Amino acid sequence: TLNLELVATVKRYGDTVAVDAINHKFKSGTYSCLLGPSGCGKSSTLRMIAGHEQVSEGDILLGGANITDLPPASRGTAMMFQNYALFPHISVADNVAFSQKMQGIAKPARLKRAMELLELVDMVSYADRLPDQLSGGQQQRVALARALITEPSVLLLDEPLSALDPFLRIKMRLELKRLQRELGISFIHVTHSQDEALALADDIIVMNGGKIEQAGSPRSVFNAP
Ligand code: ADP
Ligand code: ADP
């Protein structure tokens with residue numbers, strides 16, 4: 001997998017500078033958490049990395065290649081959204097296989113791949129269900145499988161645990177960490193919870209007012225043991 005680099009990256013909305021020329025190298029194969037208060041620019045940063053938001057100034061590099069202006073589906077990143085955004089009228093398996101359908105991959109091949117991903121998130125037995133027949137945590141696993149089927153080098157997660165109850169939140173933390181280790185790809189996880197960042201991150205990037213205030217291991221950022 002590959003290093004992702006932000007080079008003097010800026011996001012402006014009209015006169016608002018949401019992300020103020022930040023520089024950071026997300027090391028290949030690490031779990032990074034973007035941490036900071038509401039409005040500090042975390043989501044804007046993540047959406048620029050995903051290609052869902054245009055970069056106002058600066059560059060985004062993946063493995064040294066400039067991906068700043070590439071469309072979301074062809075930049076080597078994938079995003080899992082806060083509200084999962086599964087298609088309600090198609091089965092779990094078809095939801096997971098959706099991006100492969102768009103790429104014109106034949107149905108047997110894409111369903112086989114979807115089942116492999118569902119196995120990875122322990123949801124094989126739900127392949128034929130519709131999303132609204134699943135719990136929040138189960139929908140989240142499906143959303144993860146759907147993002148991972150594109151084989152991204154970098155998985156982007158925007159407050160992925162905030163809609164879950166406290167018990168499930170702790171359980172899914174462990175799942176996310178296990179997945180990241182198993183796949184060996186980079187995860188970049190946006191959260192406003194210091195607890196969550198401490199539990200998950202190899203690297204924590206603390207943002208404030210559109211700038212990076214601190215970055216490093218949990219130990220160096222929080223003086224944690
Ligand atoms: P965070 O994810 O840390 O809460 P955001 O990136 O969502 O921060 O927002 C950073 C700043 O940019 C905030 O001041 C927010 O109001 C503003 N902002 C975010 N999205 C938009 C938008 N689509 N249009 C205008 N302003 C926005
Ligand atoms: P988050 O919790 O991820 O920071 P928000 O709740 O701040 O997201 O924003 C949700 C949506 O509203 C996003 O699409 C964001 O771009 C948009 N948004 C946020 N702040 C503003 C703003 N000041 N003006 C217009 N759109 C905004």
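One-based numbering, in listed order, for ligands and for the atoms of each. Model, not experiment: these values are computed from the prediction. Heavy atoms only: backbone and side chains are in, while hydrogens, waters and symmetry mates are out.
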**Prompt:** Hey, looking at atom 8 (O) of ligand 1, which of S44, A18, G41 has the closest heavy atom?
**Reply:** G41
**Request:** Step through the shown structure and confirm whether more than 12 heavy atoms of other residues, nucleotides or ligands are within 6.0 Å of NZ on K211.
**Result:** no
**Request:** Using non-hydrogen atoms of the residue, decide whether G36 is closer than 4.0 angstrom to ligand 1.
**Result:** no
**Asked** Any ion pair linking E175 and K171 (charged N to carboxylate O, less than 4.0 Å)?
**Response** no
**Item:** Atoms in ligand 1 with a heavy atom of C40 nearer than 4.0 Å
**Value:** 1 (P), 3 (O), 8 (O)
**Asked** Does a side-chain N-to-carboxylate-O contact under 4.0 Å join E57 and R12?
**Response** yes
**Any N/O pair K42/ligand 1 closer than 3.5 Å** = yes
**Prompt:** For S217, does its backbone N or O pair with a side-chain atom of D202 as donor and acceptor, under 3.5 Å?
**Reply:** no
**4.0 Å heavy-atom contact, P37 with ligand 1** = yes
**Prompt:** Taking only residues at least two apart or on different chains, which pairs with a member in residues 115-127 satisfy salt bridge (Lys or Arg N to Asp or Glu O under 4.0 Å)?
**Reply:** K112-E116, R113-E116
**Complete:** Going by the 4.0 angstrom heavy-atom rule, the piece of R47 near ligand 1 is side chain
